[in-house]
There are 2 protein chains.
Amino acid sequence: MNRRLSTISRKEVAKLAGVSEATVSRVLNNVGPIKEETRLRVLEAARELGYVPNALAQRFARRKSGNVGVILPFVPKVHLFSTYYFAEILSGIGEAAKACNYDLLLIFREPDSPRDYAKLFRTQKVDACIVLGAQNVAEERAALAELQEEGYPFCLVNQRFDEEGYLTVDADHESGSYTAVQHLIASGFKRIAFLNGPGAFSSSGDRLAGYERALAEAGIPLSEERIFTGNYSRKSGFEAAERMAERIKNKAIDAVFAANDRMAIGLMDGLREHGLEAGKDYGLIGYDDSDSSRIVSPKLSTVSVPFYEMGRRAAMKLLATESEEMENTILPVQLLKRETT
Amino acid sequence: MNRRLSTISRKEVAKLAGVSEATVSRVLNNVGPIKEETRLRVLEAARELGYVPNALAQRFARRKSGNVGVILPFVPKVHLFSTYYFAEILSGIGEAAKACNYDLLLIFREPDSPRDYAKLFRTQKVDACIVLGAQNVAEERAALAELQEEGYPFCLVNQRFDEEGYLTVDADHESGSYTAVQHLIASGFKRIAFLNGPGAFSSSGDRLAGYERALAEAGIPLSEERIFTGNYSRKSGFEAAERMAERIKNKAIDAVFAANDRMAIGLMDGLREHGLEAGKDYGLIGYDDSDSSRIVSPKLSTVSVPFYEMGRRAAMKLLATESEEMENTILPVQLLKRETT
DNA sequence: ATGAAAGCGCTAACAC
DNA sequence: GTGTTAGCGCTTTCAT
């Protein structure tokens, strides 16, 4: 009720409670031994004055920013990349951050600016950070290596750098891919094409491995001619249709496993222009279980990835005091059979 | 290159440059008169030592957090609400924040916790904030009124409280709705139903007004029986199908204007189960131009809203020093005719 | 169990 | 132009 535009200082609380400022601090931070009666008196005074500690001063004195940084990759038209993907991961991080009393600083990478992740720590803007959409390219490796060298806590989500010992939360894309392709094979398909994502993502390697394993297990020879590469955009899926249409018509390909839903949907649309219908003229399975996969028709079979949980785990690893797990976490994924297979 | 785990202090820079710490500050902040030679010497020393100022200390001394807070509404399953919507607005805010040298603090509202927006300011966690998904309900009004009373700078996006003089960036939903319905009328539809969103959003009132204006202008009598309410979820659209199916079959309704794409798509799916096809058995137009609207088939006619720009403008109003525009901004929307009309 | 006081690393007024 | 110095509001030793 006591509303004033000037800041209510700790000093006033101390005076009202008849104690020193240090004691106010102790009470508010629950540190050191405090007589219960004093504690109550201080709490009451603080409540009465509507005192809230100045986070700026606190953080400065503690030399802790209280922030966890989340680095988002630059994506030209945001929604080109899966917004679903980021929204889920971010929410998971948000939940964990809140639980650990951290604030969440959102950092949008820019196309031109260098990836100076370490600067975030040097300037004390963050105490830890989570890198989303990291790629295995020289600049990224250098930026991460610097973080590691200087001992700054960070965690990667959905991307591994196996040779380095980085803290990571990933999903089991090898098995997701394997299961998906196995499902296609079980459905009677034999000439399964693979529309993969860029090699800079570890998931691409994982999915390729799963694809190969499933084929090998079924005794289907691997053919480079059936492996395509897109960039996860709908457009790249659409364009891949041009390269596949004839081959599907002459039965050189009878099904496609795409590395994400967006490409799968672009592909569906592209092939439709060639009179080819998913689930009828060819089998199709996507990846991510994005909103779109449930909305398109025919409904897209896909692999669901626990993005929310991945974000939550990553933040927990960094922020939770008890959880000192430094091993990589790899979460399971799940095949969802719908109408295209 | 000079890499050390301990912080490089301003003192060392001062020593190396042979000046006082204050001069280092002046140079780095471009404040006060400085001899060019000194400036260069300091810059060189800072570069050589790899000095970066401690943002925590800076902000504390300046009594400015350097953060703009973005408050996200609580949405049970995040992607239930339009993630597209938030991703776009957030990116726009991100761009402006960066341009104005602010960091972006993401704040997830929780269902249980009260909306104590003012506390963000009192604790100095933010210097300004942008409220997304605000609703016209008592608790929200109180929280915003408090911000206003205490003079804290904030801006609403896509929501107006007309009686209050809050800083706002909105889109012209009245006109968007009017244009959409006008288009349906021009396409020959006469019994146009309206699936609106919750009344707690100003856009719902705006869209209703636009709907009424278009009907009035065409001399079509308004019928309460054709006005339905959903909650912007796909599910609520799906459920509305139950209430509309019979009426469409007996021609009491020949087209539907839905307040967002998700509901429109849910409705399409629901009506399909009754053998009704959008664009064939009834006209349908959505709102938002979300990814899904382009992906569904038939492709959904819709109204595109400049969410990215709205976010950017909101942040600019709050953060840009020159822009002292306190009037409300209302951005235009655009009708996109696709396959369902 | 509590108070006094020394910082935290910077900014900004004031002096020269 | 540049140096000196007093804070900023808190935490945290060190006394008592």
Side-chain angles (χ1 to χ4, degrees), chain A residues 4-43 45-46 49-67 101 103 119 121-125 127, chain B residues 4-43 45-46 49-67 101 103 119 121-125 127:
Chain A
R4 355 182 336 174
L5 283 179
S6 61
T7 309
I8 287 108
S9 79
R10 204 180 39 146
K11 189 182 290 181
E12 304 176 45
V13 177
K15 207 175 98 206
L16 182 59
V19 298
S20 73
E21 296 187 40
T23 298
V24 176
S25 242
R26 291 197 185 93
V27 170
L28 265 38
N29 295 323
N30 257 315
V31 58
I34 293 283
K35 207 199 294 177
E36 181 61 10
E37 187 216 316
T38 321
R39 214 178 67 80
L40 294 177
R41 207 141 32 82
V42 169
L43 254 24
L49 294 173
Y51 169 74
V52 282
N54 180 324
L56 241 40
Q58 255 177 345
R59 291 161 175 202
F60 173 54
R62 291 181 178 143
R63 283 173 287 283
K64 286 255 165 227
S65 71
N67 290 152
N101 260 302
D103 286 323
K119 192 171 182 184
F121 288 91
R122 294 205 194 94
T123 57
Q124 304 245 55
K125 285 194 175 186
D127 297 332
Chain B
R4 357 182 334 177
L5 282 180
S6 62
T7 310
I8 287 106
S9 79
R10 203 180 40 146
K11 187 182 291 180
E12 301 178 46
V13 177
K15 208 176 97 207
L16 181 58
V19 297
S20 73
E21 294 187 41
T23 297
V24 175
S25 243
R26 291 198 185 92
V27 170
L28 266 37
N29 294 324
N30 259 315
V31 59
I34 294 281
K35 207 198 294 176
E36 181 62 8
E37 188 215 314
T38 322
R39 215 179 66 81
L40 293 176
R41 207 143 32 83
V42 169
L43 253 24
L49 294 172
Y51 170 74
V52 282
N54 181 324
L56 242 39
Q58 258 178 341
R59 292 160 174 204
F60 173 54
R62 291 183 178 142
R63 281 173 289 280
K64 285 257 164 227
S65 71
N67 291 153
N101 261 302
D103 286 323
K119 192 171 182 183
F121 288 90
R122 294 206 193 93
T123 57
Q124 303 245 53
K125 286 194 174 185
D127 298 330

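Residue numbering restarts at 1 for every chain, and letters A, B, ... go by the order of the sequence lines. Here the structure is a predicted model, which is why all the values come from computation and not from measurement.
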**Study point:** Under 3.5 Å donor-acceptor, B:Asp103 side chain and B:Asn67 backbone
**Key:** no
Exercise for review: Output the single nucleotide from D:dC10, D:dT11, C:dA12 whose closest atom is nearest the side chain of B:Ala22.
Suggested key: C:dA12
Check your understanding: A:Pro33 has a side chain; which of D:dT11, C:dC10, C:dA1 sits nearest to it?
Key -> C:dA1
Check your understanding: If you measure from the ring centre of A:Phe60 to the centre of the six-membered ring in the base of D:dC8, is it under 5.5 Å, with the planes under 30° apart?
Key -> no
Check your understanding: Expressed in angstrom and rounded to an integer, what is the separation of B:Leu40 atom CG from D:dG1 atom P?
Key -> 15 Å
Check your understanding: Can you check the B:Lys35 NZ to D:dG1 P distance for me, whole Å?
Key -> 9 Å
Review point. Passes side chain to side chain contact (heavy atoms under 4.5 Å, CB included), B:Thr123 versus A:Leu56? Steps please.
Key: CA-CA 7 Å; B:Thr123 57; A:Leu56 241 40; over 6 Å; no
Practice item. Please state how far atom CZ in B:Arg41 lies from atom C1' in D:dG1, giving the value in whole angstrom units. Key: 12 Å
Practice item. With rounding to the nearest 0.5 Å, note down the distance linking CG in A:Asn29 to CZ in A:Arg62. Key: 5.0 Å
Review point. D:dG9 P sits how many Å from A:Glu21 CD, rounded?
Key: 10 Å
Exercise for review: Could you check how far CZ of A:Arg63 sits from P of D:dG9, rounded to whole Å?
Suggested key: 18 Å
Practice item. Nearest whole angstrom, please: distance from the P of D:dG9 to the NZ of B:Lys125. Key: 18 Å
Review point. Taking CD from A:Gln58 and P from D:dT12, how many angstroms apart are they, rounded to a whole number?
Key: 10 Å
Exercise for review: Could you tell me whether the phosphate oxygens of C:dG3, OP1 or OP2, come under 4.0 Å of any side-chain nitrogen or oxygen in A:Thr23?
Suggested key: yes
Point to revise | Rounded distance (nearest 0.5 Å) linking atom OG of B:Ser65 with atom CD of B:Gln124 | key: 7.0 Å
Check your understanding: At under 4.0 Å between heavy atoms, what does B:Ser25 touch on the DNA or RNA strands: base, sugar-phosphate, or nothing?
Key -> base
Revision key, fill the gap. On DNA chain D, more 5' by nearest nucleotide between A:Asn29 and B:Ile34 is B:Ile34
Exercise for review: Would you please confirm or rule out a distance under 4.0 Å between OP1 or OP2 of D:dG9 and any side-chain N or O of A:Arg10?
Suggested key: no
Review point. B:Val31 near the nucleic acid: base, sugar-phosphate alone, or nothing, with a heavy-atom cut-off under 4.0 Å?
Key: nothing
Check your understanding: Would you say A:Tyr51 reaches D:dG9's phosphate, i.e. side-chain N/O to OP1/OP2 under 4.0 Å?
Key -> no
Point to revise | Donor-acceptor pair, side chain of B:Arg39 and main chain of B:Val27, under 3.5 angstrom | key: no
Practice item. Round to a whole Å and report the spacing from CZ of A:Arg26 to P of C:dG3. Key: 8 Å
Check your understanding: Hey, is the side chain of B:Ser20 poking within less than 4.0 Å of OP1 or OP2 on D:dT4, counting only N and O atoms?
Key -> no
Check your understanding: Can you check whether B:Thr38 has a side-chain N or O nearer than 4.0 Å to OP1 or OP2 of D:dT2?
Key -> yes
